[in-house]
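Below you'll find the structure, written out as structure tokens, and then a few comments.
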Protein chains: 2
Amino acid sequence: MARPSSPLLTRERIRTAALAMIDRDGLDGLSMRRLAADLGVRAASLYGYLATKDELLTDLADDVLTGVDSSGFSEGWRHGLTVWARSYREALAAHPNLVPFLAHSPGRRPQALRHADAVHGGLTSAGWPARYATMIGASTKYLVVGAAMTSFSGGFADDVEVYVGRYPNLSQAHLLAGHEEIDRDSFELALTAFLDGLSRLHEQVARHDSEPGVRSGSENPLK
Amino acid sequence: MARPSSPLLTRERIRTAALAMIDRDGLDGLSMRRLAADLGVRAASLYGYLATKDELLTDLADDVLTGVDSSGFSEGWRHGLTVWARSYREALAAHPNLVPFLAHSPGRRPQALRHADAVHGGLTSAGWPARYATMIGASTKYLVVGAAMTSFSGGFADDVEVYVGRYPNLSQAHLLAGHEEIDRDSFELALTAFLDGLSRLHEQVARHDSEPGVRSGSENPLK
DNA sequence: ACCTGAACACCGTTCAAGT
DNA sequence: ACCTGAACACCGTTCAAGT
């Protein structure tokens, strides 16, 4: 079986199996040897299709971000941010075990670059100074990554325990089974409050239009 | 040298060396064998002082959260949240390589439990319904963890590249050297906007005081 | 062209043995 | 009481060899 008529492996097949393995067993559950076994092959064979495990993970991260939508800015910056943030969070929440790796991979993912560019452009077109656009893009990402991170691997289960302990009247079933629901509701609350705050700020900032923003230092950039 | 007059190791010495190694070489840079070598000892010796590597990391995570301050709620919920969020972020930013592990460890960290409890109590005392208190605590954590995560390991450097590419007039030095500064300013922007949005919401919610909140479903919890 | 066996330099963890 | 050597079951990656 050393030379089948058609190859046993393709990059496609490898990536699919790898992502399934991560979803099932966690990021640490993926090893090149286990992945190879899963594909009916020896670990060395994988290296005909990819250079390193890190490259494989980077490719997976890019795949996962396919569903992110940064095209909503034509209907206003608030709508654009909302669509982007929601689709971004959903993409990450679909594969929470991969999230810790996302922060680990630097600027090698073309998808991320394209979206960051679209967001920045959408914000500046709406009148946000460049420096604010940078900070708003970063802030929104904080929210998305933080929310995805928290649902990672069962999440910060400590919270749930606290609430169950403090509020025995609330059914445990509601809190525990609704963990995913609370995550999403919390994210929506955070996003709405954040956008409400930004809308207020936008009114102030819009007066001094097209000032590029020269602030520095660690003080509150709003005041 | 098999039995020195006083032990070569203490839990304290092990933890200090381990945290320094993580700060220097990253989370993957810490191995029990390298740590042992650093301490002038063999790997097996460490297991007289700790059960597993995971336990060591959990202890480190708890240590790192020592500086978190959730005592500010006596001066109002907004002040309490602000102090908590800032001190939390600073604690994480001091050891960014450890942040990915934080989400990995479930509710085994007593510090985290104490703070979550204080935050929840501070919010409900200020008139927030329990369900909102839960979501606000979670939301704030999203912001903190997301911000700390992003600065982890050089962070999402892609952003910086995009901005440098799009805005060649902005000095690269400003953007690259000020990465940490932009991180903190973005965090402050996000926090302020979020709190502004919450303040608006508080006025609405305060009327229906002490209603425990029975909403469910995935719709926007604000409206 | 595609896959493999064997090897290299690593892991975390255990445990009988040394002093 | 404290540390170690040796072992076990793993890693990612390389590379000459097989068909």
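All chains are named by letter (A, B, ...) in the order of the sequence lines, taking the proteins before the strands, and each is independently numbered beginning at 1. No experiment lies behind these values; they were computed from the predicted model shown. Atoms considered below: every heavy atom in the structure, side chains included; atoms not considered: hydrogens, waters and symmetry mates.
- Counting all heavy atoms, side chain and backbone alike, S70(B) lies closest to V119(B) at CB-CG2, 4.3 Å.
- Rounded to whole angstrom, the span from the CG atom of L9(A) across to the C1' atom of dC3(C) amounts to 9 Å.
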* Pairing string, 5' to 3', for DNA chain C - Watson-Crick or wobble contacts under 3.5 Å, brackets [ ] where pairs cross, | to another strand -> ||.|||||...|||||.||

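- Nearest-nucleotide mapping onto DNA chain C: of V41(A) and R33(A), the residue sitting toward the 5' end is V41(A).
- Remark: P of dG12(C) and CG of D28(A) are 12 Å apart, rounded to the nearest angstrom.
- Interatomic distance, I182(B) CD1 to M135(A) CE, rounded to the nearest 0.5 Å: 8.0 Å.
- In this structure the side chain of L19(B) never reaches within 4.5 angstrom of the side chain of D63(B), judged on heavy atoms.
- Nearest nucleotide to the side chain of R42(A), out of dG12(D), dG5(C), dG12(C): dG5(C).
- In this structure, L50(B) places its CG atom 11 Å from C1' of dG12(C), rounding to the nearest Å.
- At a threshold of 4.5 Å between non-hydrogen side-chain atoms, the residues D25(B) and R34(B) count as touching.
- No side-chain heavy atom of V144(A) sits under 4.5 Å from any side-chain heavy atom of Y142(B).
- In the set dC11(C), dG12(C), dT4(D), the nucleotide with an atom closest to the side chain of A44(B) is dT4(D).
- Here the C1' atom of nucleotide dT4(D) and the CE atom of M32(B) are 15 Å apart, to the nearest Å.
- Of the listed residues (D62(B), T52(B), L27(B), L102(B)), just one forms a side-chain contact (heavy atoms from CB on, under 4.5 Å) with L57(B), and that residue is L27(B).
- Side-chain N/O atoms of S45(A) include one lying less than 4.0 angstrom from OP1 or OP2 on dT4(C).
- Separating the NZ atom of K53(A) from the P atom of dT13(D) is a distance of 8 Å, rounded to the nearest angstrom.
- Relative to the side chain of R34(A), the nucleotides dC11(D), dT13(C), dC3(C) differ in distance, and dC11(D) lies closest.
- Nearest nucleotide to the side chain of Y47(B), out of dT14(C), dC11(D), dT13(D): dT14(C).
- For the pair L57(B) CG and dC11(C) P, the interatomic distance rounds to 15 Å; values are reported in whole Å.
- Partner F101(B) forms a side-chain contact (heavy atoms from CB on, under 4.5 Å) with one of D54(B), L60(B), I22(B) and no other, that one being D54(B).
- Of the C1' atoms belonging to dA9(D) and dA9(C), the separation is 16 Å, rounded to the nearest Å.
- Within residues 14-21 of chain A, no residue is approached by DNA chain C to less than 4.0 Å at the level of any non-hydrogen atom.
- Rounded to whole Å, atom C1' of dT13(C) lies 14 Å from atom CG of L35(B).
- Looking at heavy atoms from C-beta onward, T140(B) lies out of side-chain contact with Y88(B) at the 4.5 angstrom threshold.
- Here R89(B) contributes atom CZ and R184(B) contributes atom CZ; the two are 6.0 Å apart, rounded to the nearest 0.5 Å.
- The pair D59(A)-R11(A) does not count as a salt bridge, with every side-chain nitrogen at least 4.0 angstrom from each carboxylate oxygen.
- Considering only side-chain N and O atoms, Y49(B) lies under 4.0 angstrom from the phosphate OP1 or OP2 of dC3(D).
- As rounded to whole Å, 18 Å separates atom P of dC11(C) from atom CG of D54(B).
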